[in-house]
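Read through the structure below, which is laid out as structure tokens, and then see the notes.
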There are 2 protein chains.
Amino acid sequence: MSDIELRHLVTMAAVTDEGSFGRAAARLGYTQSTVSQQIAALEKAVGGAVFDRPGGPKPVRITPLGAVVLAEGRDLLARAEAMADTIDRFKAGDGRVDIGTFQSVSNMILPLLVRRLRAEHPGCDIRLSEEETDQPRVGELDLMFFDGRVDGDVEHRKLLDDPYLLVARRGTFPAGPVRRERLDGAPMVAYPEVCDQPRIERALALGGVRPRIVFRTAGNDAVLSMVRAGLGSALLPRLAVHGGDVRSDESLRIHELRPSLPVREVFLLWQAGRTQSPLAARAIEIAVDVAAEIAGRPDS
Amino acid sequence: MSDIELRHLVTMAAVTDEGSFGRAAARLGYTQSTVSQQIAALEKAVGGAVFDRPGGPKPVRITPLGAVVLAEGRDLLARAEAMADTIDRFKAGDGRVDIGTFQSVSNMILPLLVRRLRAEHPGCDIRLSEEETDQPRVGELDLMFFDGRVDGDVEHRKLLDDPYLLVARRGTFPAGPVRRERLDGAPMVAYPEVCDQPRIERALALGGVRPRIVFRTAGNDAVLSMVRAGLGSALLPRLAVHGGDVRSDESLRIHELRPSLPVREVFLLWQAGRTQSPLAARAIEIAVDVAAEIAGRPDS
DNA sequence: CGATTCGATCGGCGAACATGATGGTTTGGG
DNA sequence: CCCAAACCATCATGTTCGCCGATCGAATCG
């Protein structure tokens with residue numbers, strides 16, 4: 001019954017435009033016989049004639065039922081064409097991409113990524129979500145920034161190594177590198193124990209160094225404010241101190257740690273075995289480029 | 001390329017709902033093999049995978065491209081269903097019908113026809129047009145009322161015979177039938193010389209009777225007003241004097257003519273060889289019924 | 001490591017499609 | 001009045017396409 005096919009509607013529209021089965025066939029690259037059969041099939045599907053065939057050189061004329069079918073059919077065909085357009089645009093890189101980020105991980109990378117992606121695809125829909133869970137829900141995202149290895153069915157791309165630096169109030173330590181032992185029992189401000197944070201604390205503890213964590217917060221600004229206020233020092237990844245006014249802040253001093261902590265690795269990861277959108281694929285490439293530029297930039 | 005078929009979209013929607021090719025096949029009455037092939041065909045048409053197949057008991061998962069296709073596809077399917085609904089309603093008698101009427105021909109029939117048609121099909125779109133051309137454009141109408149025969153490729157259905165009556169101001173003629181000769185040179189108000197009017201004037205002239213036409217107007221009311229005002233008498237078809245307040249108007253008198261004029265035949269006609277809508281077909285039936293009732297109604 | 005679930009693939013069969021030729025119908029001109 | 005032209009329907013034919021049944025390979029789970 002409702003076995004209407006788009007091809008038949010195209011043919012019907014052509015017949016209406018041309019006023020003749022034969023000319024419509026010529027336009028569509030069919031034979032007159034084919035057009036005749038297609039219209040017959042369409043008429044069987046809708047349950048009534050859509051054209052009156054006067055016979056002879058008179059042009060065929062649409063019936064009232066045919067007018068209804070044609071009006072709705074043209075609408076349907078327009079929708080189908082719009083669908084094809086949308087698909088083509090999507091394949092060219094338009095569409096939506098959901099990117100997850102965590103804490104201060106990507107405060108340097110993400111703005112550049114978004115800017116370049118939007119420059120390439122002005123119409124694209126970039127959605128960012130920052131969640132504070134340890135084991136993130138990569139399942140609902142296209143891409144996710146993360147520091148540290150992650151298990152599960154996840155593919156990853158390493159973006160950069162992010163070394164830890166010690167940020168202290170001026171006068172807390174003498175200029176230059178600071179030995180790890182100096183942090184044992186020292187008051188410190190730190191991130192919550194998610195992501196890479198447990199790992200560096202374990203690394204310190206392995207050397208018998210146990211700082212006194214006096215405050216934990218996920219906000220970079222809050223950490224730095226507390227350091228400025230003299231609450232304690234902080235071990236922050238370079239990305240977190242690289243930008244902003246940290247280096248020009250006279251009340252703060254940045255020290256290297258000796259021996260240095262194992263670097264934090266920043267990854268871009270996504271669900272394994274899942275087809276990426278062209279936009280997401282492009283985002284990965286751009287993220288890698290951006291990370292390489294940032295990693296190669298001199299420290300000050 | 002853009003060879004997307006509605007059937008494939010239905011299958012894709014089912015797969016998305018069920019999370020499995022096999023269950024979708026069971027729901028649709030297909031085989032798993034068929035669903036697999038249909039999805040493959042769809043993927044070839046859109047140029048990319050629409051599902052990720054993890055393999056094993058894991059449910060298939062839609063890809064970003066698939067999400068786009070599905071969103072647009074559901075819209076397309078909804079349109080197609082709406083189209084089927086519209087067609088079904090049309091075949092049940094809904095839709096639009098264009099009816100032409102002329103002068104005072106159908107002042108009695110048309111209101112009843114419209115009322116009954118709208119009672120049967122509340123949603124239908126009845127359009128009336130009254131044109132003052134002699135040879136009407138039946139080509140743009142579904143149905144047309146007309147008095148008198150018409151040539152061309154026109155099918156017709158006779159509705160009723162409409163005899164002419166003489167309407168005069170009280171006191172113009174003695175009560176009862178009036179002989180034709182009395183109208184020779186008499187002042188009369190008449191319709192314009194279109195439709196049936198030339199025929200009755202010829203019929204009078206054939207008997208040597210030539211009224212003095214002092215005013216021609218297409219409006220029934222205008223004719224009667226002029227008769228009341230004493231401008232002259234009028235030969236009007238019975239339909240024109242049947243309704244309204246003519247018979248109860250004490251200032252007017254209705255006479256038969258002896259010998260009577262040949263009756264005016266009222267037809268409903270439409271273009272020959274043209275498929276009509278169910279609504280139009282029903283309108284014809286109702287018009288015939290209505291006309292029969294009116295013709296059978298006693299004169300006063 | 002088998003049992004299970006799942007999609008892909010192959011061979012085959014029947015329906016649908018496109019073609020070319022033929023026939024019936026109508027129109028308009030000589 | 002008949003003939004040529006335009007037009008659509010139909011038929012027979014070859015080919016494609018859709019669907020099915022069966023089988024295979026992959027992944028998961030107990």
Side-chain angles (χ1 to χ4, degrees), chain A residues 1 3-12 14-45 48-63 66 151-155 271-275, chain B residues 1 3-12 14-45 49-63 66 139 151-155 271-275:
Chain A
M1 185 13 185
D3 227 346
I4 297 171
E5 292 190 29
L6 295 180
R7 179 164 27 98
H8 295 161
L9 295 176
V10 172
T11 301
M12 183 184 176
V15 170
T16 307
D17 292 345
E18 298 287 343
S20 145
F21 282 32
R23 278 190 296 276
R27 188 214 277 190
L28 297 172
Y30 287 137
T31 312
Q32 172 264 322
S33 166
T34 299
V35 171
S36 187
Q37 292 181 65
Q38 284 198 11
I39 296 298
L42 177 63
E43 289 179 332
K44 200 172 75 177
V50 297
F51 288 115
D52 280 324
R53 292 86 154 164
K58 280 188 181 175
V60 295
R61 199 170 188 293
I62 201 164
T63 64
D151 51 351
D153 290 345
V154 169
E155 288 186 65
Q271 191 96 343
R274 188 177 289 184
T275 305
Chain B
M1 180 19 180
D3 227 347
I4 297 171
E5 293 190 27
L6 296 179
R7 180 164 27 97
H8 297 161
L9 295 175
V10 172
T11 300
M12 182 184 179
V15 170
T16 307
D17 292 346
E18 299 286 342
S20 145
F21 282 31
R23 279 190 295 277
R27 189 214 275 191
L28 297 173
Y30 286 138
T31 312
Q32 174 264 324
S33 164
T34 300
V35 171
S36 187
Q37 293 179 66
Q38 284 197 12
I39 297 298
L42 178 62
E43 289 179 332
K44 200 172 76 178
V50 297
F51 289 115
D52 279 325
R53 291 86 153 167
K58 279 188 181 175
V60 295
R61 201 169 184 293
I62 201 164
T63 64
D151 51 353
D153 290 345
V154 169
E155 288 185 66
Q271 192 96 344
R274 185 178 293 185
T275 305

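Here is the naming used below: chain letters follow the sequence lines, and residue numbers restart at 1 for every chain.
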Where the side chain of [X] is concerned, which of [options] is the nearest nucleotide?
X: B:Pro57; options: D:dA27, C:dT19, D:dA6; value: D:dA27
X: B:Tyr30; options: C:dA8, C:dT19, D:dC20; value: D:dC20
X: A:Ser33; options: C:dC17, D:dT28, D:dT10; value: D:dT10
X: B:Ser36; options: C:dC17, C:dT9, C:dT27; value: C:dT9
X: B:Thr31; options: D:dC20, D:dC11, C:dT27; value: D:dC20

Rounded interatomic separation in angstrom, taking [atom1] from [X] and [atom2] from [N]:
X: A:Gln37; N: C:dA21; atom1: CD; atom2: C1'; answer: 13 Å
X: A:Gln38; N: D:dC17; atom1: CD; atom2: C1'; answer: 15 Å
X: B:Lys44; N: C:dT9; atom1: NZ; atom2: P; answer: 13 Å
X: B:Arg7; N: D:dG18; atom1: CZ; atom2: C1'; answer: 7 Å
X: B:Ile39; N: C:dA8; atom1: CD1; atom2: P; answer: 9 Å
X: A:Asp52; N: D:dC7; atom1: CG; atom2: P; answer: 17 Å
X: A:Leu42; N: C:dC17; atom1: CG; atom2: P; answer: 12 Å
X: A:Glu43; N: D:dT10; atom1: CD; atom2: C1'; answer: 15 Å

- request: Would you mind telling me which residue lines up with the more 5' stretch of DNA chain C, A:Gly56 or A:Glu5, judged by nearest nucleotide?
  value: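 So the residue in question is A:Glu5.
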
- request: Report the residue (A:His8 or A:Pro54) whose heavy-atom-nearest nucleotide on DNA chain C is the more 5′ of the two.
  value: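 Taking each residue's closest nucleotide, the earlier one in sequence belongs to A:His8.
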
task: Using a 4.0 Å heavy-atom cut-off across all strands, classify B:Val35 as base, sugar-phosphate, or nothing.
output: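 It contacts nothing in the nucleic acid.
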
message: Students often get this wrong, so: under 4.0 angstrom with heavy atoms, is A:Gly273 touching a base, only sugar-phosphate, or nothing?
response: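 Nothing: the residue A:Gly273, judged by heavy atoms under 4.0 Å, touches no strand.
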
Between [atom1] on residue [X] and [atom2] on residue [Y], distance to nearest 0.5 Å:
X: B:Arg7; Y: B:Leu28; atom1: CZ; atom2: CG; answer: 11.5 Å
X: B:Met12; Y: B:Phe51; atom1: CE; atom2: CZ; answer: 4.5 Å
X: B:Lys44; Y: B:Leu42; atom1: NZ; atom2: CG; answer: 11.5 Å

Are [X] and [Y] linked by a side-chain donor-acceptor pair shorter than 3.5 Å?
X: A:Thr275; Y: B:Asp52; answer: yes
X: A:Ser36; Y: A:Gln32; answer: no
X: B:Thr34; Y: B:Gln38; answer: no

field: No-H, no-angle donor-acceptor pair, A:Gln32 side chain to D:dA9 base, under 3.5 Å
entry: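 Present.
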
- prompt: Would you say the side-chain atoms of B:Ser20 pair up with the backbone N or O of B:Gly22, donor to acceptor, closer than 3.5 Å?
  reply: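 Yes; judged by distance alone, with no hydrogens or angles, the pair exists.
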
[X] side-chain N/O to [N] phosphate OP1/OP2 under 4.0 Å:
X: B:Thr34; N: D:dG18; result: no
X: A:Lys58; N: C:dT26; result: no
X: A:Arg53; N: C:dT25; result: no

Nearest heavy atoms of B:Ala45 and B:Ile4, plus distance in Å: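 Residues B:Ala45 and B:Ile4, closest heavy atoms: CB-CG1, 4.0 Å.
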
field: Close residues, residues 16-23 of chain B, relative to DNA chain C [heavy-atom separation under 4.0 Å]
entry: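 Result for residues 16-23 of chain B: B:Ser20, B:Phe21, B:Gly22, B:Arg23, sorted by number.
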
